[in-house]
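All values reported here derive from a predicted model rather than from experimental measurement. So that the names make sense, note that chain A is the first sequence line, chain B the second, and so on, each numbered from 1.
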There are 2 protein chains.
Amino acid sequence: MARTTVKERAPRQDNRRSALLDAAATHFADRGFHATSTRELAAAVGMLPGSIYYHFPSKNDLLVAVYDEGVRRIEAAVERAVDGVDDPWQRLEVACTAHLEALLDGGAYARVVVRVQPEDAGDAADDLIALRDRYEALFSGLIAALDLPDVSARRALRLLLLGALNWVQHWYRPGRDTPRTIVRRFMGLLARGETA
Amino acid sequence: MARTTVKERAPRQDNRRSALLDAAATHFADRGFHATSTRELAAAVGMLPGSIYYHFPSKNDLLVAVYDEGVRRIEAAVERAVDGVDDPWQRLEVACTAHLEALLDGGAYARVVVRVQPEDAGDAADDLIALRDRYEALFSGLIAALDLPDVSARRALRLLLLGALNWVQHWYRPGRDTPRTIVRRFMGLLARGETA
DNA sequence: TCATTAACCAAACGATCGCTTGCTTTATAT
DNA sequence: ATATAAAGCAAGCGATCGTTTGGTTAATGA
């Protein structure tokens with residue numbers, strides 16, 4: 001029964017892994033994964049290109065780390081928003097607002113989740129798909145609580161809403177409509193279950 | 001009054017410009033603009049990389065040509081679909097179906113319009129934006145015919161629908177729901193004007 | 001204090017990128 | 001039949017790509 005774990009020291013205070021992650025998030029979100037070079041990222045945090053590989057084994061893995069953090073933040077924002085709200089339609093509306101706020105006013109991490117397509121990650125594409133599915137399951141739960149006629153209506157509502165919300169970043173301009181009013185307008189267009 | 005036009009010969013029959021355009025459309029649609037190299041395109045049509053530049057001055061211009069053709073095809077499909085239909089909501093529904101069919105079952109040209117972001121084109125980004133706006137204006141016209149309460153409701157409906165439709169390609173699987181039924185389900189979720 | 005090691009730097013590797021230049025083939029109009 | 005130009009080919013340009021390798025520095029735990 002020999003101990004296989006080696007004694008490891010804690011990360012240092014001047015560790016710039018998180019700064020690198022931030023730079024990757026903003027660049028991937030603003031210009032796309034393939035349009036961002038590792039040298040740009042290194043320059044953004046003031047390190048040399050090769051130094052990235054001390055923190056991440058590849059550019060793909062860096063993307064996965066950013067994507068993971070992005071999903072985590074959206075999930076957290078949505079869960080925090082619905083907490084304490086009872087009415088199912090109200091829960092859905094505040095969830096949509098939180099989703100949209102994370103996408104628009106939130107950091108770059110959330111934007112990466114919507115902008116970067118899983119296949120861009122190459123080998124790690126499945127990881128991104130799994131993360132995205134995990135979040136959409138959270139959304140499915142909120143819709144399952146609604147009294148909709150059948151399962152296909154629930155599915156359609158989920159895809160309609162998520163699609164419309166995720167597309168907002170293509171036309172959103174800060175300072176005009178807020179995420180809150182956008183969601184109110186979208187939800188106002190919906191027939192809330194009283195249709196056949 | 002000298003004739004400034006030079007006598008030009010017609011294109012040859014073995015011209016492979018259209019084949020090159022097709023290859024660019026499928027590659028840009030399936031793998032993205034930056035993930036596609038000019039060598040891949042050349043290999044797909046059986047020509048050498050440098051030969052591309054006989055037909056197009058740059059990779060960016062090639063994208064603009066594909067994008068332009070994509071917008072043209074979607075516009076044509078939508079205009080053909082609404083032709084002869086009178087009821088405004090019916091016109092909108094068949095337009096959405098045509099839009100979705102062009103995106104999913106249609107060629108790769110239409111998919112490029114939704115997948116590739118204008119900023120990917122570099123200098124020619126404004127060209128792509130102008131093309132996209134032109135199409136959305138067509139859609140705005142269809143929605144203007146509806147009796148919606150105000151201008152913000154019209155705008156919200158346009159953005160909701162186009163967003164949801166354009167997002168479909170992220171989850172669509174051929175052989176399951178058809179574009180027609182997807183649109184019916186989406187439209188079935190909407191309150192058709194009778195709300196405040 | 002001092003050995004350890006986290007966190008880089010410095011320099012380059014081969015591969016691939018978009019693109020250019022000069023030459024060749026061949027369909028076409030006359 | 002022949003001149004002309006369309007539509008490439010052949011070869012390589014300089015730049016940039018993601019990544020590796022070996023050495024350096026300084027924060028940290030004992």
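A donor-acceptor pair shorter than 3.5 Å can be found between the side chains of A:D150 and A:S152. A donor atom on one side chain and an acceptor atom on the other are not found under 3.5 Å apart for A:H170 and B:N166. A donor atom on one side chain and an acceptor atom on the other are found under 3.5 Å apart for B:D22 and B:Y109. Checked by atom type, the side-chain pair A:Y67/A:R132 shows a donor-acceptor distance below 3.5 Å.
B:S51 comes within 4.0 angstrom of a nucleotide base, judged by non-hydrogen atoms across all strands. If you check every strand for non-hydrogen atoms under 4.0 Å, A:G122 touches nothing. Among the atoms of the strands shown, only primed sugar atoms or phosphate atoms (P, OP1, OP2) are found under 4.0 Å from some heavy atom of A:P11. Residue contacts shown for B:R16 are limited to sugar-phosphate atoms, with no base heavy atom under 4.0 Å away.
Where B:D14 and A:R39 meet DNA chain C, the nucleotide closest to each residue was compared, and A:R39 sits on the side nearer the 5' end. A residue-by-residue look at B:Q13 and A:F33 shows that B:Q13 has its nearest nucleotide of DNA chain D further toward the 5' end. Along DNA chain D, the nucleotide closest to B:N15 and the one closest to B:P49 are compared, and the more 5′ of them pairs with B:N15.
Between the CG atom of B:N60 and the C1' atom of C:dC19 there is a distance of 12 Å, rounded to whole Å. A:L62 has its CG atom 10 Å from the P atom of D:dT19, to the nearest Å. Distance A:L48 CG to D:dT19 P: 17 Å, rounded to the nearest Å. One can place NZ of A:K59 at 12 Å from C1' of D:dT19, the figure rounded to the nearest angstrom. What separates CG of A:L41 from P of D:dG18 is a distance of 8 Å, to the nearest Å. In this structure, the CD1 atom of A:I52 is 16 Å from the C1' atom of C:dA12, given to the nearest Å. Taking atom CG on A:L20 and atom C1' on C:dA6, their separation rounds to 15 Å, with Å as the unit. Spacing between atom CZ of B:R12 and atom C1' of D:dA5 amounts to 8 Å, rounded to whole angstrom units.
Of the listed nucleotides (D:dT20, C:dC9, D:dC17), D:dC17 has the atom at the smallest distance from the side chain of A:S37. Looking at the side chain of B:R9, the nearest of the listed nucleotides C:dA27, C:dC19, D:dG18 is C:dA27. Side-chain proximity of B:Y53 to the nucleotides C:dC8, C:dC19, C:dC9 is greatest for C:dC19.
Figure legend: cation-pi geometry between B:K59 and B:F33, with NZ or CZ positioned under 6.0 Å from the six-membered ring centre and within 45° of its axis.
A:H55 has no side-chain polar atom (N or O) that falls below the 4.0 Å cut-off from OP1 or OP2 of C:dA6. Checking the phosphate oxygens (OP1, OP2) of C:dA7, a side-chain nitrogen or oxygen of A:Y54 falls inside 4.0 Å.
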